[in-house]
Amino acid sequence: MNTNCPSYVCEADNGVPPKPLSNAFDLTYLQNKGLSFNYPTLKGGKIVINVICSPGQEDYKLNYVSHNKHDLFFSINTSLVCDFPAINCLLHSQENNIAYDLYPLNKMIDNYEWKLRDGKRLLLNICGPLNYIPQVQCADGLRNFGCIVDTKNQTEAALTFANVSVIEPGLIVMVYIDQQRNNILNITFQCSKDVSVSPSVSATGITNVINFNINWNTYAACPLKYSAGENCEVKNLYNGSKVKNLMPLHKTKTDYFIVNGKESFRINVCGALTQPCSRNRNAAVCFKNSNGTEIAIGETGALKPNFIDGQFIFNLEGAPCHGNATKSRVKIIMACEFPSTSTSSYQPELFPSTKENECIYYFYWKTPLVCGSAVSSKCTFSNEVVKYDLSSLINLRENYIVNYNDSEIEINICHSLIPGHRIHCHELSGACLKNYSINSILSAAHSNHENNENLGLASEHDDFEISGNKIRLYYRNGGVCISSKVESVYSTTIDFICNKTASDTEPKLISIEDCVYNFSWTTSAACPTYKGKAPCSIDVSNKTFDLSNFMGKTYEVEIKNTNTSLNFKITIGICSPVDIIGCSSKSGSCLVESGTAENLGNYNSTLQYVNESLLLVYETDNCKSTVIEFSCGQSESSGPVLIKRNNCSTIISWSTRFACHDDYGLNEMKCCQGIEDLCEKLNQTYEVDISNKEKAFINVCKPLLPKWGVLCPSGSVSCLANNESLDYFSSEKSLGSFVVPPVLLNDKTVVLKYFDGSVCHKESDTRYSTSITFICDENVHIGNPVLTNISEDCQYEFQWATSLICHEKCTLPIGNKNIDVLQQFRNWDKRIYTKNGSDKSPYILNLCQVSARCGSHICKMDRTSKWLRFGELNSNESRKVSDSKTSILYKYFSSDVSKDSCGAQVDLICDNSDRGPGRPYLEKVSGL
């Protein structure tokens with residue numbers, strides 16, 4: 001009632017206080033149409049408001065219909081009073097706790113559609129009536145679940161739901177019929193992972209009866225473990241049918257609140273919201289749209305949680321979220337999260353979904369209430385030297401998943417698995433195999449046998465084994481396993497491999513040996529922390545070089561000598577032994593030649609820094625020794641390369657970023673500034689003959705790459721060595737290891753300099769350096785460096801002719817100078833548009849370089865679609881017309897287009913609204 005007029009119906013005129021007309025009303029149900037409100041007036045008449053079921057027409061307006069001497073008639077169109085027929089699409093067998101849920105196939109907007117013969121159409125919905133379609137009478141959103149319409153949308157047959165039944169596990173048949181029973185529709189749903197995007201329909205006729213058949217492959221037809229709850233309690237069928245009480249989730253003072261952009265939700269479970277939702281006091285989920293309107297989208301089912309395949313789910317329905325839908329559907333999925341030291345809100349979260357326009361909402365809710373028993377360990381272990389800590393890999397929210405054929409393997413670390421969807425192993429399992437094959441799912445439903453395998457139990461005590469840089473975790477005493485006709489039990493091993501740079505990695509299945517599942521996991525969490533100085537590391541000038549990441553593995557040495565025939569193999573370990581049959585157990589370097597193994601040096605973990613080189617030296621009691629020199633390189637590890645070898649000593653080079661100083665990447669980036677193309681294309685070692693006895697080795701801005709017979713000081717970008725014999729060098733000296741930004745002398749010349757080489761004169765502490773002058777030469781592609789001078793201060797000066805620095809400038813006159821202001825037009829090859837911009841003209845424009853299409857700056861397409869030369873930038877001839885306009889002149893005197901000279905003028909107009917290079921338009925063409 002209105003407070004200004006205490007009556008159900010009032011009459012109001014402008015400027016006149018409202019007058020009461022009716023103080024009572026009668027409510028009548030209109031069969032299949034809606035509700036009728038009858039208000040008797042105080043003067044003996046009546047006011048009738050018919051609330052008409054109109055799916056898809058949510059105007060909520062009071063519409064005048066008619067009147068007579070005493071009565072007034074109005075109407076309101078809304079779907080809120082539609083009497084939708086109910087179908088139970090959750091088929092449940094209490095005998096074996098198996099259910100089938102076909103509701104995911106229901107459409108809340110639009111319908112399924114098939115084309116029949118003669119232009120006819122079959123319209124269909126599953127688990128609900130057809131959604132409203134304008135001008136299609138049978139799709140009125142009321143009682144028809146399907147219909148057949150002709151080309152003019154006239155109804156030939158209206159189909160209603162008859163029955164649905166489970167024929168066998170994974171096979172469900174739903175039947176629709178029309179009232180005359182002249183048309184029968186049989187829909188066969190088959191459990192399958194291969195979902196039918198557009199199921200086929202066929203028709204067969206017997207006298208006047210037509211049978212339509214649809215075969216529909218869908219995962220919705222696959223069996224589910226199901227238990228229905230009451231009063232917010234439900235059985236956990238995966239945990240000995242223990243009852244879970246979810247009533248503690250109910251709030252009595254405030255509701256759970258979720259903000260989603262300009263929209264928001266209020267949620268409560270196991271009871272209604274603490275505050276009404278737009279006058280609805282029975283709502284459990286309230287949606288506030290961007291206009292501020294509250295809609296009770298979840299009104300039923302708040303006290304009835306269901307257990308479905310390991311998940312606890314509340315299914316609710318309510319008013320439509322917008323006018324094009326018939327109702328809303330809300331699914332709240334409760335998931336386990338064990339308590340942790342980190343803060344957790346245990347609040348519902350809106351799950352992003354593509355079905356929100358259909359008024360279908362999913363909420364994901366983590367809570368300890370749905371967890372079962374658990375077991376965990378500290379996941380740390382140590383001795384007097386080292387400590388290992390894998391506790392960062394413990395996951396209390398979800399498991400790690402490894403895909404394997406048609407299955408998934410779920411794993412947790414130092415903690416039993418987090419219960420969840422289809423995880424039906426022992427509740428204390430540390431690893432579980434979930435078989436997702438359709439045959440396995442159907443077999444499990446038919447025999448009540450589970451299709452999951454317990455691959456081992458987690459333990460309260462750490463079950464670890466350490467070997468080198470590898471840590472092995474065991475999960476033992478899994479489920480029964482039959483292998484080679486011998487009964488055993490499943491078990492799991494997980495090898496954690498230390499890699500300090502590995503983050504956000506996951507386990508990988510390596511092998512399955514009988515009943516043992518073996519996994520490998522490369523992660524920084526497996527790297528030890530040392531209570532003292534770490535092995536395989538050294539501190540140099542406030543920089544720690546740490547190679548412990550390479551420990552525990554063996555590496556085969558690459559042999560790049562192509563001048564001799566070598567038939568041996570060398571294997572090394574880094575600060576750790578190699579496991580080669582025939583070599584000593586202490587061997588860190590082992591040679592195998594003609595089937596015979598020989599120790600080339602006993603391993604140790606003492607990293608050395610000698611003459612600015614990072615070294616590992618392995619020695620034996622005889623003359624055999626191996627020196628491994630680590631040099632700075634870009635990659636994590638390019639692998640070891642054999643550099644020199646004689647009867648006693650073996651020298652190996654290894655380029656790795658772990659041997660770099662912290663400023664290495666920055667120096668290289670500065671060195672390549674402005675000459676990036678040069679750096680990229682000249683990334684190799686170039687040799688220069690200095691004399692009959694000396695040879696120089698040069699790279700551009702990067703350390704030299706390993707080369708057989710040459711052992712330059714670590715980090716050298718340029719190096720000098722005595723050439724003793726073929727592929728054998730001695731007395732290697734660095735000609736520079738510190739690079740600086742290049743000097744651009746002019747458009748055609750670039751100078752690079754390298755400093756901090758080896759000591760040249762001990763008296764003055766002068767060091768070797770390198771200067772390379774790159775000169776533009778269009779006739780040379782890559783080119784090679786040539787020595788031009790050796791200065792008194794030990795600088796080796798080279799000249800390098802190459803076309804890689806021949807970049808044509810793209811300048812415009814600004815004042816009295818030519819400024820390269822057209823940087824963004826480099827490599828810019830654009831089709832010219834017509835003046836109105838609707839079509840592309842037959843011209844191509846390139847402002848700075850010649851176009852590859854025709855070999856000129858401007859190209860013109862002929863009638864055969866061939867590109868011809870039209871205009872070429874003559875001498876950067878341009879003129880500044882005004883502050884906002886500059887003209888560039890192009891001339892070509894032997895054009896392919898005309899015998900006469902052709903030219904062009906490009907006017908660049910200032911446009912502050914266009915931040916890019918803009919788009920060229922053809923202004924006019926003359927003289928052709």
Side-chain angles (χ1 to χ4, degrees), residues 382-389 466 468-471 497-503 523-553 555 572-577 586 588-589 601-619 625-640 651-670 702-704 706 711-717 732 734 736-739 755-759 765 767:
S382 62
N383 54 33
E384 60 277 1
V385 176
V386 66
K387 177 182 178 181
Y388 291 90
D389 186 355
I466 303 175
N469 73 336
K470 184 188 302 181
I471 309 168
I497 299 173
C498 166
N499 187 327
K500 293 183 178 181
T501 63
S503 60
T523 169
S524 59
C527 296
T529 50
Y530 294 92
K531 298 180 180 178
K533 182 177 178 295
C536 216
S537 67
I538 188 171
D539 296 328
V540 179
S541 301
N542 297 321
K543 161 69 179 178
T544 299
F545 294 98
D546 187 354
L547 302 183
S548 61
N549 198 53
F550 299 129
M551 295 175 62
K553 292 183 284 187
Y555 305 90
I572 62 172
I574 304 302
C575 300
S576 55
K586 296 181 180 181
S589 177
N602 298 329
Y603 85 94
N604 61 73
S605 58
T606 304
L607 201 59
Q608 303 179 38
Y609 195 76
V610 180
N611 294 330
E612 301 179 359
S613 295
L614 200 61
L615 305 175
L616 263 180
V617 180
Y618 295 162
E619 297 177 317
S625 66
T626 296
V627 176
I628 308 171
E629 180 185 30
F630 299 91
S631 60
C632 176
Q634 282 187 311
S635 63
E636 178 178 325
S637 173
S638 58
I651 301 177
I652 296 168
S653 177
W654 194 328
S655 176
T656 170
R657 65 184 182 84
F658 289 108
C660 295
H661 287 274
D662 295 335
D663 58 357
Y664 162 72
L666 182 63
N667 287 336
E668 180 187 329
M669 184 171 62
K670 288 180 179 179
K702 300 180 180 70
L704 294 168
L711 187 61
C712 290
S714 176
S716 296
V717 189
E732 293 92 339
S734 172
S737 60
F738 183 78
V739 294
F755 298 99
D756 288 346
S758 301
V759 174
D765 197 28
R767 291 180 174 268

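Throughout, residue positions are numbered sequentially from 1 according to the sequence presented. The figures here come from the full heavy-atom set of this structure, side chains too, leaving out hydrogens, waters and symmetry mates.
- Shown here for Cys536 and Leu607, the closest heavy-atom pair between the two residues is O-CD2, 3.9 Å.
- Applying the ring-ring contact (aromatic ring centres under 6.0 Å, His included) test to Phe630 and every residue at least two apart in sequence or in another chain returns Trp654.
- Taking the six-membered ring where tryptophan is involved, the planes of Phe550 and Phe658 are perpendicular, since the angle between them exceeds 60° and thus also 30°.
- Listed for the Ser716 side chain is a donor-acceptor partner under 3.5 Å among the backbone atoms of Pro713.
- Using a distance-only test at 3.5 Å, with no hydrogens or angles considered, no donor-acceptor pair links the side chain of Ser625 to the main chain of Glu619.
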Practice problem: Show the numbers, then the answer: is there a side-chain contact (heavy atoms from CB on, under 4.5 Å) between Leu616 and Asn604? | Solution: CA-CA 8 Å; Leu616 263 180; Asn604 61 73; 4.0 Å; yes
Quiz item: Checking side-chain contact (heavy atoms from CB on, under 4.5 Å) for the pair Cys527/Ser548: CA distance, chi angles, key distance, verdict?
Solution: CA-CA 9 Å; Cys527 296; Ser548 61; over 6 Å; no
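- A donor-acceptor pair is defined here as one N or O able to donate and one able to accept, closer than 3.5 Å; such a pair exists between the side chain of Ser524 and the backbone of Ala502.
- No donor-acceptor pair under 3.5 Å is formed between the side chain of Tyr388 and the backbone N or O of Ala525.
- When all heavy atoms of Asp756 and Ser734 are compared, the pair lying nearest together is O-OG, 4.4 Å.
- Nearest heavy-atom pair, Tyr609 versus Ile538, reported as atom, atom and distance to 0.1 Å: N-CD1, 3.7 Å.
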Practice problem: Determine, step by step, whether Thr626 and Ile628 satisfy the side-chain contact (heavy atoms from CB on, under 4.5 Å) criterion, reporting the C-alpha distance in whole Å, the side-chain angles of both residues, the deciding distance to 0.1 Å, and the verdict. | Solution: CA-CA 6 Å; Thr626 296; Ile628 308 171; 4.0 Å; yes
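- Rounding to the nearest 0.5 Å places CD1 of Ile574 at 12.0 Å from OG of Ser605.
- Across all non-hydrogen atoms, the minimal contact from Pro640 to Tyr555 is CG-CB, 4.0 Å.
- Between atom SG of residue Cys575 and atom OH of residue Tyr603 there is a gap of 10.0 Å, rounded to the nearest 0.5 Å.
- Of the inter-residue distances, the one linking Leu615 atom CG with Thr606 atom OG1 reads 12.5 Å to the nearest 0.5 angstrom.
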